[in-house]
Amino acid sequence: MYEPLTEQKAIALAVRLGLFGEDALLSSEEIGDGNLNLVFRIVNERTNDSIIIKQALPYAKVVGESWPLTLKRATIESQALRTFASYVPHYVPKVYYSDETLAITVMEDLSHLHIARRGLIEGKTFPRLSEHIGEFVAKTAFYTSDFGMNQQQKKKLVQQFTNPELCKITEDLVFTDPFFDHDTNNFEAELRADVEQLWQDDVLQRETAKLKRLFLTKADVLLHGDLHTGSIFASDEETKVIDPEFAFYGPIGFDLGQFFANLLLNALSRHERDREPLFAHIENTWDVFTRTFAELWRESNEPYARTCGVLDDIIGDALVEAIGFAGCEVIRRTIGLAHVADLDELPLERRLHAKRHALRLGRELIVQRNTLTIKDLKHLVQQTVHVNS
Ligand SMILES: Nc1ncnc2c1ncn2[C@@H]1O[C@H](COP(=O)(O)OP(=O)(O)O)[C@@H](O)[C@H]1O
Ligand SMILES: CSC[C@H]1O[C@H](OP(=O)(O)O)[C@H](O)[C@@H]1O
């Protein structure tokens with residue numbers, strides 16, 4: 001039977017599963033700071049060995065029981081971690097155990113690393129973050145695509161990772177609600193005029209509709225589905241991606257777009273002189289992604305993989321998508337239901353300035369996505385900073 005764990009019940013579960021030695025002295029702490037789930041850290045105080053037990057609640061934690069949410073997301077998460085581990089084991093936590101009924105994933109404790117969002121807010125640079133995320137996205141995308149795996153097998157994976165309830169959250173919170181006067185939106189009263197301008201922007205809405213349609217229909221690759229900087233643990237040497245409960249088959253540019261957007265949001269939270277490391281990470285992620293994907297492409301059994309221009313078309317589409325999806329993420333993290341600490345922790349005047357900037361940047365990313373290069377993102381940030389402010 002499903003029941004939500006408490007700190008004590010999490011210890012009892014760890015003992016029942018035999019995850020520690022018999023003489024272990026266990027302590028437990030609920031450390032979840034995300035929007036949806038419980039996360040318990042269990043430590044053997046005698047040896048300092050530790051594990052993480054993550055449990056889905058039957059509702060969205062950030063809203064409460066009025067927003068019921070499938071427990072199946074825990075199974076999607078553990079299966080996605082295992083699938084990613086078969087391609088990039090060094091970039092995901094080890095999964096020790098999972099249970100569909102209890103909606104739990106027991107995994108490696110990564111507490112020696114920093115959540116990338118918090119580290120970036122504190123000014124850390126994580127020099128290898130972009131190299132690692134570029135490789136993570138390229139390998140998981142290629143090996144789960146029709147170019148990197150048996151195409152019949154891929155159709156089975158598409159079924160396995162059909163994730164309608166979690167996709168619906170993204171369809172609503174990323175692609176729809178922020179672009180209309182919807183009651184999930186949440187923004188400072190001082191931003192109302194800027195937001196109302198956005199709601200009346202027909203060009204923006206038409207382009208966002210195209211991006212939403214891609215998200216709804218384009219089953220390219222197995223995505224993480226929520227690859228923001230709060231879903232990444234990092235240090236100077238290591239990077240680990242967590243929390244793939246939104247995993248599903250979607251457009252190749254989506255994970256890159258989420259990642260770029262959250263780097264851009266952190267850049268906007270900083271003084272102009274301190275933004276360069278974020279732009280460098282964006283450009284390097286893209287370089288590593290394209291180089292790695294192109295190398296893997298040579299392994300493809302698809303006859304069209306050897307047709308001149310096909311790889312360029314895929315990479316070109318990925319960039320246009322990534323820039324457009326980044327624009328949607330920038331806007332929703334500014335005025336939608338789920339914000340980012342990078343902006344929300346700024347003092348009011350700086351916050352309002354950064355959020356107005358984010359709204360303009362998000363719009364231009366969406367509307368101009370077909371003509372921008374990766375290097376243009378930095379210039380776009382510079383161009384959109386002072387307009388009308
Ligand atoms: N494997 C892990 N090791 C250490 N801490 C973790 C691990 N997984 C999650 N956490 C902690 O729990 C927090 C919430 O986890 P997350 O998977 O993002 O939950 P949610 O799905 O609710 O967003 C993370 O920010 C991190 O502090
Ligand atoms: C009501 S869910 C809002 C938001 O939360 C998810 O993020 P996370 O679980 O990492 O905190 C996801 O981004 C959803 O859009």
Side-chain angles (χ1 to χ4, degrees), residues 5 30-41 51-57 59-63 69-85 87-100 102-120 126 129 132-133 136-137 140-141 144 161 163 165-170 173-174 222-235 238-248 250 254-259 261-263 265 325 329 332-333 337-342:
L5 294 173
E30 205 280 314
I31 57 167
D33 59 0
N35 288 319
L36 297 177
N37 303 294
L38 297 173
V39 179
F40 297 90
R41 180 164 186 257
I51 56 161
I52 293 292
I53 302 180
K54 179 168 175 179
Q55 185 183 41
L57 289 163
Y59 52 86
K61 191 175 76 177
V62 67
V63 178
L69 197 55
T70 178
L71 294 175
K72 172 103 196 299
R73 66 188 193 273
T75 302
I76 293 272
E77 173 158 346
S78 58
Q79 290 179 347
L81 285 173
R82 288 185 166 116
T83 305
F84 293 150
Y87 309 121
V88 283
H90 44 304
Y91 292 141
V92 285
K94 290 186 194 72
V95 174
Y96 302 131
Y97 178 82
S98 59
D99 183 302
E100 176 138 10
L102 288 175
I104 57 162
T105 305
V106 182
M107 67 185 119
E108 182 183 2
D109 180 11
L110 301 172
S111 300
H112 63 292
L113 305 175
H114 304 273
I115 287 289
R117 183 184 307 290
R118 183 49 52 195
L120 291 170
F126 301 125
L129 178 68
H132 293 166
I133 294 298
F136 171 85
V137 175
T140 55
T144 61
F161 286 101
N163 195 357
E165 290 194 45
L166 280 281
C167 283
K168 172 93 169 88
I169 291 178
T170 306
L173 296 187
V174 179
L222 181 63
L223 293 170
H224 176 282
D226 193 25
L227 191 57
H228 57 85
T229 46
S231 297
I232 300 170
F233 269 108
S235 68
E238 273 184 282
T239 306
K240 304 270 184 188
V241 172
I242 61 166
D243 197 15
E245 69 197 309
F246 284 77
F248 80 113
F254 186 74
D255 282 348
L256 288 169
Q258 300 285 95
F259 183 57
N262 283 272
L263 295 178
L265 288 162
F325 292 137
E329 173 77 356
R332 78 95 170 209
R333 293 291 189 184
L337 178 110
H339 288 194
V340 289
D342 313 53

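In this chain, numbering begins with 1 at the start of the sequence shown.
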Practice task
Please check if the side chain of Glu30 supplies one atom and the backbone of Phe40 the other of a donor-acceptor pair under 3.5 Å.
Solution key: no
Problem - Rounded distance [0.5 Å steps], CG in Asn35 versus CG in Asp243 - result: 9.5 Å
Problem - Under 3.5 Å: donor-acceptor pair, side chain of Glu108, backbone of Lys94 - result: yes
Handout entry: Candidate pair Ile242 and Ile115, rule side-chain contact (heavy atoms from CB on, under 4.5 Å), full reasoning
Key = CA-CA 10 Å; Ile242 61 166; Ile115 287 289; 4.3 Å; yes
Problem - Side-chain donor/acceptor of Thr83 to backbone N/O of Gln79, under 3.5 Å - result: yes
Fill in the blank from the handout: On a heavy-atom basis, the closest approach of Leu166 and Glu245 is CG-O, 3.6 Å
Practice task
Output yes when a side-chain donor or acceptor of Arg73 lies under 3.5 Å from a complementary backbone atom of Leu36, and no otherwise.
Solution key: yes
Handout entry: Straight-line distance of Ser98 OG to Leu81 CG, nearest 0.5 Å
Key = 9.5 Å
Handout entry: Contact summary for Ala247 and Ile76, nearest pair of heavy atoms
Key = O-CG2, 3.8 Å
Practice task
Indicate whether any N or O donor in one side chain lies under 3.5 Å from an N or O acceptor in the other, for Glu238 and His112.
Solution key: yes
Exercise for the section: Spell out, as yes or no, whether a donor-acceptor pair under 3.5 Å connects the side chain of Glu165 to the backbone of Thr70. Expected result: yes
Exercise for the section: Would you tell me whether Glu77 and Asn37 have side-chain atoms, one donor and one acceptor, within less than 3.5 Å of each other? Expected result: no
Exercise for the section: Please confirm whether the backbone N or O of Glu100 pairs with a side-chain atom of Thr75, one donor and one acceptor, at under 3.5 Å? Expected result: no
Handout entry: Donor-acceptor pair, side chain of Lys240 and main chain of His90, under 3.5 angstrom
Key = yes
Handout entry: Donor-acceptor contact below 3.5 Å, side chain Arg117 vs main chain Ile232
Key = no
Exercise for the section: Please name the pair of heavy atoms, one in Val95 and one in Thr105, separated by the smallest distance, quoted to 0.1 Å. Expected result: CG1-CG2, 4.0 Å
Practice task
Check whether any side-chain N or O of Gln55 sits under 3.5 Å from a backbone N or O of Leu102 as a donor-acceptor pair, and report yes or no.
Solution key: yes
Completion exercise
For Ala56 and Leu71 the tightest heavy-atom approach is O-CD2, 3.6 Å
Problem - Main-chain N/O of His224 paired with Asp255 side-chain donor or acceptor, under 3.5 Å - result: yes
Exercise for the section: Work out which heavy atom in Arg118 is nearest to a heavy atom in Ala341; give both atom names and the distance. Expected result: NH2-CB, 3.7 Å
Handout entry: side-chain contact (heavy atoms from CB on, under 4.5 Å) between Phe254 and Thr170, intermediate numbers included
Key = CA-CA 11 Å; Phe254 186 74; Thr170 306; 3.9 Å; yes
Practice task
Supply the atom-to-atom distance Arg41 CZ to Ile51 CD1, rounded to the nearest 0.5 angstrom.
Solution key: 11.0 Å
Practice task
Looking only at non-hydrogen atoms, find the nearest pair between Met107 and Pro93 and report the distance.
Solution key: SD-CG, 3.8 Å
Practice task
Report the C-alpha separation of Leu69 and Leu57 in whole Å, then their side-chain angles, then the decisive distance to 0.1 Å, and conclude whether the side-chain contact (heavy atoms from CB on, under 4.5 Å) test is met.
Solution key: CA-CA 8 Å; Leu69 197 55; Leu57 289 163; over 6 Å; no
Practice task
Carefully, step by step, assess Phe84 and Leu222 under the rule side-chain contact (heavy atoms from CB on, under 4.5 Å).
Solution key: CA-CA 9 Å; Phe84 293 150; Leu222 181 63; 3.8 Å; yes
Completion exercise
One should read off an interatomic distance between Leu227 CG and Phe246 CZ, to the nearest 0.5 angstrom, of 12.5 Å
